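Chain A is the first sequence line, chain B the second, and so forth, proteins listed ahead of strands; every chain is numbered from 1. Predicted model only: the values in this text are computed from it and were never measured.
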Number of protein chains: 2
Amino acid sequence: MSLRSKLEDVAKMAGVSTATVSRCLNEPGKVTNKTRERVMNAVDALGYTPHFGAKALASRKTRTVGAVIPTMDNAIFARGLQAFQEALAAAGVTLLVSSSGYDAEQEADQIRVLVMRGAEGVLLIGTARLAKAYEFLARSKTPYVIAWALSDRESPCVGFDNMGAAKAMAERVLALGHRDIAMISGITAMNDRAASRVEGVRAALVQGGLDPDRLSVEEVHYAFDAAGKAFERLMVREVPPTAIICGNDVLGVGAISAAKRRGLRVPEDISITGFDDIDIAAHVEPGLTTVHVPHERMGAGAAAALLALIEGETPQATVCIETRIVERGSLGPPRVGA
Amino acid sequence: MSLRSKLEDVAKMAGVSTATVSRCLNEPGKVTNKTRERVMNAVDALGYTPHFGAKALASRKTRTVGAVIPTMDNAIFARGLQAFQEALAAAGVTLLVSSSGYDAEQEADQIRVLVMRGAEGVLLIGTARLAKAYEFLARSKTPYVIAWALSDRESPCVGFDNMGAAKAMAERVLALGHRDIAMISGITAMNDRAASRVEGVRAALVQGGLDPDRLSVEEVHYAFDAAGKAFERLMVREVPPTAIICGNDVLGVGAISAAKRRGLRVPEDISITGFDDIDIAAHVEPGLTTVHVPHERMGAGAAAALLALIEGETPQATVCIETRIVERGSLGPPRVGA
DNA sequence: ACCCCAATTGTAAGCGCTTACAATTTGGAC
DNA sequence: GTCCAAATTGTAAGCGCTTACAATTGGGGT
């Protein structure tokens, strides 16, 4: 690290003790106006920046929390995280973010890293993760809250009912008369959100008297082109679907794009739905019918819960954020005779 | 922070001194297999995680660097940053990311925060920032590299020629016969990339014998709907443009979307171009003709430069990453008689 | 002017780790 | 078995900060 001035330098320059400088910076009220001024002058004359590590070590607090999200690639987590961080900032708490690339092993590592860097609590996405990650959290007594999903763990969660929302969407699709339904899903292994959404669709089929095993599910990672390829695979099946329920909006947009490339009209020839309601969903043609998730509310709620937990309080165990379907045009009735 | 076990606990359990434990963890070669085993057992029996702050304090090194990006909202910076962080990880260096929301004051703060948290160097986007930010970097002797743009500062940059690329795109537009050209740009204040792109377009106009002052420029922040509104404003002008050059792909996609909503065909009725070549550019209809930026190469190059700088070496001052135009269909000749 | 208490400032002991340096062990070579 | 250098381990002094506690100061009340 570079040469930096330390508390002692400031103290010397201002002609006071290090304790006084520390007080100036942390509890300005406990110091005379006159000395405070002297100290502050020294502080910015020297460009003094406190050494975070030393501070954390001495005070044994960091005012920092961490979050491990699956990816920063697409906008899925951006809005919620933004709200999370704003709520934290309002409480004077810094957020450290890292991403796991949807890899459980990496996620466990990242949690360790965040805690080692002083995270006093962490935000986790969904419930599916390595046992050792949970063990580490327990052993290090690190508070955590789970978001983007509901959880039955002892630690609180602020999320939404992935299965219920997906089921509702599937019911809507069924109600329009679709019987040949397929799904393009994210990889469900170690991803409870993706898995729940598939499960929700299956539940709707069962409820509608259809065989859930006939649902073709293409599992791909969340990317436009992967969705496009999955779409191609689905459309060359013996009985091509008349509606494709996508696990999220990235997949939905990718599917719409692939449909158009194939010369199919949406929704006349094929209906497509998404999940999340990210910005782009409203900006494709036709607009993507999707599940709107109030990410801002979730992020803010998660922050409140985590902050409470850190303060030793016991926040509500489960906060369920309501989702709703937004109709935009990519979902319609099947072609008659299809 | 939660109760954590410390080096001393491990040492006690393994029956060795704290120095030996430290060596086990940091220079395993310097320790007998037998003792290493004993120590390691104690380490995971206790779930020991070193205290980062203490480590940083004692060793006065952190092996971390920081990056302040304008936003995590859209995918513009995701790919480059990903490459940056992978290159760092390969060198055993951790990346701390924070975002400024395109706010110069906030950016200066974030730089301070990162340095205070131990960043041994920082990655900055573009050249336009508060003087005090540069002063802080100089005074704290923090190495930095600038990416996403070219810079004539003493500190290295790994970027591309925003102005040149925009000029090339504008030349292409002119070559197709367009004369009524407009621009939807990002906010140019404190954003040199946005400003350079506008400048580049103007330069092409001048070169083509047109009056650069006749270029209508709508400045908006980077969001689909903001671009849509800007599009509307442009199209109701006395002489609506036949081509709109957008400052980036988010704006381009927003403009295409708005055009279609307005019943205009792209490119028959209106040509639209973008900049960056993010994923979505290839997945709208028609595909967005845009400037492809090799983000991966840039990110990796920036990492190499910053790492070198931290090691006290003097990397190449300016690395210019070549961009190229990708034709996708949203740019065509103007309607005859338009 | 003097005393006393509250407000302000100083002193110094760590926080958990690394790392010179010192002490001890090890294992050949004789 | 002895001796010596090399390998391994231990000792202890900080790293830059916070914070009890002690010392000092200042300002009424008399």
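Side chains of A:T64 and B:R117: a donor on one and an acceptor on the other come within 3.5 Å. Between the side chains of A:E120 and A:T62, at least one donor-acceptor pair of N or O atoms lies under 3.5 Å. At a cut-off of 3.5 Å, with distance as the only test, a side-chain donor of A:N33 or A:R36 sits close to an acceptor on the other residue.
The nearest whole Å value for the distance from the CZ atom in B:R38 to the C1' atom in D:dT8 is 12 Å. Put simply, NZ on A:K34 is 12 Å from C1' on D:dG26, counting in whole angstrom units.
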**Request:** Let me see the working for A:E27 and A:K30 under salt bridge (charged side-chain N to carboxylate O under 4.0 Å, His left out), right down to the final yes or no.
**Result:** CA-CA 6 Å; A:E27 330 163 86; A:K30 293 199 167 179; 3.8 Å; yes
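A cation-pi contact, defined as under 6.0 Å to the ring centre and within 45° of the axis, links B:R153 to B:Y134.
By the 4.0 Å N-to-carboxylate-O rule, A:K132 lies close enough to A:E105 to be salt-bridged with it.
Taken to the nearest 0.5 Å, the CG atom of B:L95 stands 11.0 Å off from the CD atom of B:E86.
When the C1' atoms of four end pairs are superposed on the next four at each end of the helix from C:dA1-D:dT30 to C:dC30-D:dG1, using five pairs per end, the two resulting axes differ in direction by 40°, to 10°.
Taking only side-chain nitrogens and oxygens, B:T35 never comes nearer than 4.0 Å to OP1 or OP2 of D:dT8.
Residues passing the side-chain contact (heavy atoms from CB on, under 4.5 Å) test with A:A14 are A:V16, A:V39, A:A42, sequence neighbours excluded.
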**Message:** Walk along nucleotides 15-25 of chain C from 5' to 3' and tag each nucleotide B, S or - by protein heavy-atom contact under 4.0 Å, base first, then sugar-phosphate.
**Reply:** BBBBB------
